[in-house]
There are 2 protein chains.
Amino acid sequence: MGSGYVTLEQVARHAGVSLATASRVLNGSTRQVGEELRRRVTASAHELGYLANASAQTLARNTSTLVGLVVHDIADPYFSSIASGVTRSAEEQGLIVVLGTTGRAPRRETQLLATLRSHRARAVVLAGSRTVDDETGGGLAEEITMFTRQGGRVACVSQEGLPADTVVPDNRNGAAALARHLVDLGHRRFAILAGPTDLRTARDRLDGFHSALSAGGIALDPHNVVHGAFTRDGGYESTRRLLATGTDATCLFAVNDVMATGAMAALRDAGLRVPHDLSVAGFDDIPTLRDLTPGLTTVRLPLEWMGEKAARLALEEDPPAEARTVSVAGEVVVRDSTAPPAGA
Amino acid sequence: MGSGYVTLEQVARHAGVSLATASRVLNGSTRQVGEELRRRVTASAHELGYLANASAQTLARNTSTLVGLVVHDIADPYFSSIASGVTRSAEEQGLIVVLGTTGRAPRRETQLLATLRSHRARAVVLAGSRTVDDETGGGLAEEITMFTRQGGRVACVSQEGLPADTVVPDNRNGAAALARHLVDLGHRRFAILAGPTDLRTARDRLDGFHSALSAGGIALDPHNVVHGAFTRDGGYESTRRLLATGTDATCLFAVNDVMATGAMAALRDAGLRVPHDLSVAGFDDIPTLRDLTPGLTTVRLPLEWMGEKAARLALEEDPPAEARTVSVAGEVVVRDSTAPPAGA
DNA sequence: CGGCGGTTGGAAAACTCTTTCCCTGTGATC
DNA sequence: GATCACAGGGAAAGAGTTTTCCAACCGCCG
């Protein structure tokens with residue numbers, strides 16, 4: 001009632017038992033405590049309004065109830081969908097999630113992991129897709145190793161090649177399936193908003209799309225592949241640059257939905273109609289963007305599920321020694337932003 | 001090197017100094033340490049790969065570097081925008097944010113606050129808008145009091161009446177300004193998707209809109225006010241119910257953008273054109289939804305800024321004793337989803 | 001009735017820091 | 001040269017739990 005804290009010792013004294021007994025009652029240890037004492041302790045704890053000091057527990061147990069979640073940008077609906085899945089898994093198990101944002105700075109990822117390690121976090125989910133250049137990670141792999149060596153677990157979403165469990169979308173095949181669909185529609189000349197050159201996810205989608213075209217005997221004009229930021233504004237900007245060059249493409253593939261959104265805006269601003277003048281397709285099937293008009297043809301990824309799955313992998317009871325990889329297939333979702341080309 | 005942890009004691013021994021000195025060097029206390037020793041300690045720490053144990057520090061200092069953030073649903077772009085602002089503020093100050101989601105359960109809010117308290121969190125930002133019925137809070141106000149009494153600070157976004165700093169949008173005036181604009185366009189018969197009946201934010205927006213209409217001598221048919229969930233699907237569903245009753249409205253106001261999104265989808269599915277057959281307006285100006293077509297007329301709220309501001313209030317150096325309230329004005333943003341009614 | 005496995009309770013060590021208190025040495029002041 | 005203030009260093013006392021280890025006790029078996 002005063003302004004101080006109620007400690008376990010006070011509870012123990014109030015109940016007339018030892019510290020050990022009080023601890024055993026209030027934090028379900030393996031040891032049994034007799035009916036009578038158990039009752040007295042819980043009554044005292046309730047009466048005094050006891051709330052355990054989490055840091056003392058973490059210190060004594062050498063493990064906390066924290067789960068880390070590292071994303072590039074929580075305002076990006078791609079990441080907030082994943083975050084939603086991760087928090088669901090974590091909260092289901094009574095754990096609390098700490099959210100770190102990197103702003104796409106690889107060093108920050110390593111830094112956050114160290115912080116999480118210093119907090120004895122149980123696990124961490126790394127959701128930022130990584131750059132191709134492994135060395136820019138600033139010792140990410142090394143930091144992951146330290147983290148796991150100290151008893152923590154790590155799971156990644158959409159980042160291969162790290163010493164950790166991984167949930168990874170099948171970007172190549174998804175993009176390839178999309179390409180085949182678009183070719184079936186009659187398209188032959190494609191433009192691609194390919195995102196950053198060094199982003200693994202972006203590159204895989206480009207590659208998958210490209211090789212499906214090649215397999216169909218269709219060439220891709222290098223002038224029709226433009227790189228830019230992996231964001232809505234990046235898509236807008238890239239599209240403007242593309243249009244400035246006077247592209248002959250009949251279909252535009254943006255390697256993610258948020259870029260596709262920017263592209264549709266740029267096309268609209270340029271007076272072009274989708275899909276009449278140009279078909280547009282994206283990748284991810286971001287829930288928030290499903291209400292765009294025309295509806296965006298895209299490749300659906302179960303983002304929330306992926307976050308949930310990653311968290312589950314990292315929080316499993318007795319994990320196998322080997323790092324596992326869960327591959328997630330994408331499903332082509334056809335909506336109104338794509339149509340046969342005007343000439344067809 | 002081994003699999004154990006490097007403790008401060010090991011660093012001290014390695015550097016040939018006392019624990020106290022090592023602590024002072026590595027954690028910038030008020031006390032000075034001589035040049036030579038300081039150098040030796042930092043060198044040892046670096047060489048051994050020392051990483052402070054955060055829970056031990058929290059226990060000793062009785063305060064942590066954690067900042068809580070409580071939202072209803074992180075996948076909702078309204079909350080992820082706010083979250084983005086909060087994390088920015090927090091990370092600027094070297095703090096880490098723990099994210100809790102309530103799924104709109106008031107009790108969960110209280111529960112999360114207690115957890116945060118047990119972690120000695122510095123501050124917490126409560127971003128879920130609250131229900132009208134104060135008593136369903138499950139002791140929220142009480143829990144806030146305990147939290148602050150223990151040295152933590154609390155700030156709310158969009159929740160008035162709590163004993164904490166508050167950043168609150170001027171929902172009434174924003175909605176009123178929007179109403180006046182729509183009346184000026186020529187509308188006289190309105191329908192409103194009013195959200196949940198017990199949600200303060202929803203009610204204020206409804207009231208503001210309603211009173212501006214009254215002031216203009218315009219009545220609101222109760223049949224044209226439909227309540228439902230504060231989500232995209234809630235908006236869709238409410239709109240379907242509205243259409244089923246055969247409304248005579250020429251303009252539809254949804255009390256937030258995500259509901260408006262659902263409304264536009266429902267209208268499209270019903271074969272109605274926006275704004276030709278019916279004008280639609282929302283509230284919030286969610287960034288992700290700015291690319292809807294037709295562009296949604298709405299009231300802009302600086303969501304990221306609000307999150308940032310709330311965090312800043314809660315993290316201020318020496319806060320005044322009184323709880324402060326920062327009111328944020330909304331700005332009417334006119335886009336293509338609204339137009340003069342067909343008859344005009 | 002002595003010994004024995006199995007419970008239940010408590011004392012105390014451990015966990016890793018921070019911070020108070022005390023001691024020493026130094027240069028300045030009278 | 002004695003005194004003083006002060007700066008820098010260390011020993012040790014916390015901070016609030018968990019958990020190990022030991023003692024006591026109970027009922028049973030031989």
Side-chain angles (χ1 to χ4, degrees), chain A residues 3-42 44-45 48-66 115 117-122 150-151, chain B residues 3-42 44-45 48-66 114-115 117-121 150-151:
Chain A
S3 68
Y5 298 87
V6 178
T7 70
L8 191 57
E9 192 186 349
Q10 294 173 36
V11 174
R13 201 175 7 244
H14 185 273
V17 302
S18 77
L19 205 51
T21 301
S23 172
R24 293 198 263 254
V25 170
L26 297 176
N27 303 294
S29 83
T30 41
R31 291 272 307 258
Q32 286 295 320
V33 173
E35 181 57 32
E36 161 67 4
L37 293 193
R38 145 168 266 103
R39 212 183 37 67
R40 288 220 310 259
V41 171
T42 45
S44 295
L48 299 179
Y50 171 70
L51 180 66
N53 180 324
S55 32
Q57 291 185 312
T58 299
L59 180 60
R61 295 180 173 147
N62 197 31
T63 181
S64 73
T65 57
L66 265 36
T115 305
R117 180 155 64 93
S118 88
H119 279 275
R120 301 291 182 268
R122 279 247 186 121
Q150 301 198 350
Chain B
S3 68
Y5 299 87
V6 179
T7 70
L8 191 57
E9 192 187 348
Q10 294 174 36
V11 174
R13 199 170 15 239
H14 185 272
V17 302
S18 77
L19 203 53
T21 301
S23 172
R24 294 199 261 253
V25 170
L26 297 176
N27 302 293
S29 82
T30 40
R31 290 274 305 259
Q32 287 294 323
V33 173
E35 181 57 32
E36 162 67 5
L37 293 193
R38 149 169 262 103
R39 214 183 36 68
R40 289 219 311 260
V41 170
T42 45
S44 296
L48 299 179
Y50 172 70
L51 180 66
N53 180 324
S55 32
Q57 291 185 312
T58 298
L59 179 58
R61 294 181 173 146
N62 197 32
T63 180
S64 74
T65 56
L66 265 38
T115 304
R117 180 155 65 92
S118 87
H119 280 274
R120 300 293 183 267
Q150 301 198 349

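Side chains included, hydrogens not; waters and symmetry mates left out as well; all remaining heavy atoms used. Every chain is numbered from 1 and lettered A, B, ... according to where its sequence line falls, protein lines coming before strand lines.
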Quick check: does any side chain N or O of [X] sit under 3.5 Å from a backbone N or O of [Y], one acting as donor and the other as acceptor?
| X | Y | result |
| --- | --- | --- |
| R120(A) | S64(A) | no |
| Q10(A) | Y5(A) | yes |
| R38(B) | V33(B) | yes |

To the nearest Å, give me how far apart [atom1] ([X]) and [atom2] ([N]) are.
| X | N | atom1 | atom2 | answer |
| --- | --- | --- | --- | --- |
| Q150(A) | dT16(C) | CD | P | 11 Å |
| E35(A) | dT7(C) | CD | C1' | 15 Å |
| R61(B) | dA13(D) | CZ | P | 22 Å |
| L8(B) | dT16(C) | CG | C1' | 8 Å |
| R120(B) | dG16(D) | CZ | P | 8 Å |
| E9(B) | dA12(D) | CD | C1' | 13 Å |
| L59(A) | dT19(D) | CG | C1' | 13 Å |

List the atom of [X], the atom of [Y], and the distance in Å for their closest heavy-atom pair.
| X | Y | value |
| --- | --- | --- |
| V11(B) | L48(B) | CA-CD1, 3.9 Å |
| L8(A) | L19(A) | C-CD1, 3.9 Å |
| S55(B) | T58(A) | OG-CG2, 3.3 Å |
| T7(A) | Y50(A) | C-CE1, 3.7 Å |
| S118(B) | A52(A) | CB-O, 3.2 Å |

5'-most by nearest nucleotide on DNA chain D - A56(B) or L37(B): L37(B)
Comparing A52(A) with R31(A), nearest DNA chain D nucleotide closer to 5' gives the residue A52(A)
How do L51(B) and R24(B) order along DNA chain C: which one's closest nucleotide is nearer the 5' end? L51(B)
Considering just the side-chain nitrogens and oxygens of [X], establish if one lies under 4.0 Å of OP1 or OP2 belonging to [N].
| X | N | result |
| --- | --- | --- |
| Y5(A) | dT17(D) | no |
| Q57(B) | dC17(C) | no |
| T21(A) | dG9(C) | no |
| N27(B) | dC17(C) | no |

Please report how far the helix from dC1(C)-dG30(D) to dC30(C)-dG1(D) bends, comparing the axis fitted to its first five pairs with the axis fitted to its last five, to the nearest 10 degrees. 60°
Select one nucleotide: of dG9(D), dG9(C), dG8(D), the one nearest the side-chain heavy atoms of Q32(B). dG8(D)
Give a yes or no on whether a salt bridge exists between R39(B) and E35(B), defined as a side-chain N under 4.0 angstrom from a carboxylate O. no
When rounded to the nearest 0.5 angstrom, what is the spacing between CD in Q57(A) and CG in L59(B)? 11.0 Å
Let's see if you get this right: which residues in residues 13-20 of chain A place a heavy atom under 4.0 Å from DNA chain C? V17(A), S18(A), A20(A)
What nucleic acid atoms does S23(A) come within less than 4.0 Å of, heavy atoms only: base, sugar-phosphate, or nothing? base
Determine the contact category for N62(B): base if any of its heavy atoms lies under 4.0 Å from a base atom, sugar-phosphate if only primed atoms, P, OP1 or OP2 are that close, otherwise nothing. nothing
